[in-house]
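Quick caveat: nothing in here was measured; it's all calculated off a predicted structure. All values below come from the heavy atoms of this structure, side chains included, with hydrogens, waters and symmetry mates left out.
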Amino acid sequence: AVDESVRGATDAVSSAVDANIVNPMNSAKESIAGAVDDAVRGAAGSISSAVDANIVAPMNTAKDSVASTVDESISGAKLSVASAVDANIISPMNSAKDEVVGALDGAMKGAAERVESSVKGVADGVQF
């Protein structure tokens with residue numbers, strides 16, 4: 001009878017502990033875990049947004065600005081090289097070509113005049 005009373009009391013105490021301590025503690029633990037999960041998710045979202053706004057976006061803007069500056073510099077360098085080639089190579093070569101053509105033209109005209117004069121001199125010397 002004592003064993004049964006002790007078992008009954010033990011079961012009653014166990015049920016009371018479950019109902020009044022263990023179950024509320026498990027509910028509180030789940031509630032706290034849910035609140036912590038929500039807080040961590042919210043903090044992660046806030047951190048992600050802050051990183052995007054304060055690091056990623058400015059870095060992308062800086063990257064675009066540098067790329068644009070490099071493009072402009074390359075375009076300017078291309079124009080400078082093209083102008084230098086025109087001024088220092090193409091124009092002098094065209095001038096030299098014009099001088100050579102002019103000299104050849106003069107030489108050809110001079111030679112033609114000498115040939116014409118020689119032919120005229122020979123023709124004048126020949127009597128029919």
If I compare all heavy atoms of [X] with all of [Y], which pair ends up nearest, and what's the gap?
X     : Y     : result
Ile21 : Pro24 : O-CD, 3.4 Å
Pro58 : Ala53 : CD-O, 3.4 Å
Ala87 : Pro92 : O-CD, 3.3 Å

Task: Val22 side chain reached by Met25 side chain, heavy atoms, under 4.5 Å - done: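 A side-chain contact is absent here, since even the closest heavy-atom pair is not under 4.5 Å.
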
- [ ] For residues Ser48 and Asp52, determine if any side-chain heavy atom of one lies less than 4.5 Å from a side-chain heavy atom of the other.
- [x]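 In short, these two side chains touch, coming nearer than 4.5 Å.
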
Give me the other members of the hydrophobic cluster that [X] sits in, counting Ile, Leu, Val, Met, Phe, Trp and Tyr linked by side-chain heavy atoms under 4.5 Å, directly or via other members.
X     : answer
Val56 : Ile47, Val51, Ile55, Met59
Ile32 : Val36, Val40
Val85 : Val81, Ile89, Ile90, Met93

Backbone N/O of [Y] and side chain of [X]: donor-acceptor pair under 3.5 Å:
X      : Y      : result
Ser49  : Gly45  : yes
Ser117 : Glu113 : no
Ser75  : Asp71  : yes
Ser68  : Asp64  : no
Ser31  : Ser27  : no

TODO: Identify whether the distance between the nearest side-chain nitrogen and carboxylate oxygen of Lys109 and Asp105 falls below 4.0 Å.
DONE: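 Counted as a salt bridge, because a side-chain N and a carboxylate O are separated by less than 4.0 Å.
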
Task: Interatomic spacing from CG in Leu79 to CD1 in Ile74 - rounded to 0.5 Å - done: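 The CD1 atom of Ile74 is 12.0 Å from CG of Leu79, to the nearest 0.5 Å.
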
- [ ] Answer yes if Val101 and Met108 sit in the same cluster of Ile, Leu, Val, Met, Phe, Trp and Tyr residues linked by side chain heavy atoms under 4.5 Å apart, and no otherwise.
- [x]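 No, it is not one cluster - the side chains of Val101 and Met108 are not joined through contacts under 4.5 Å.
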
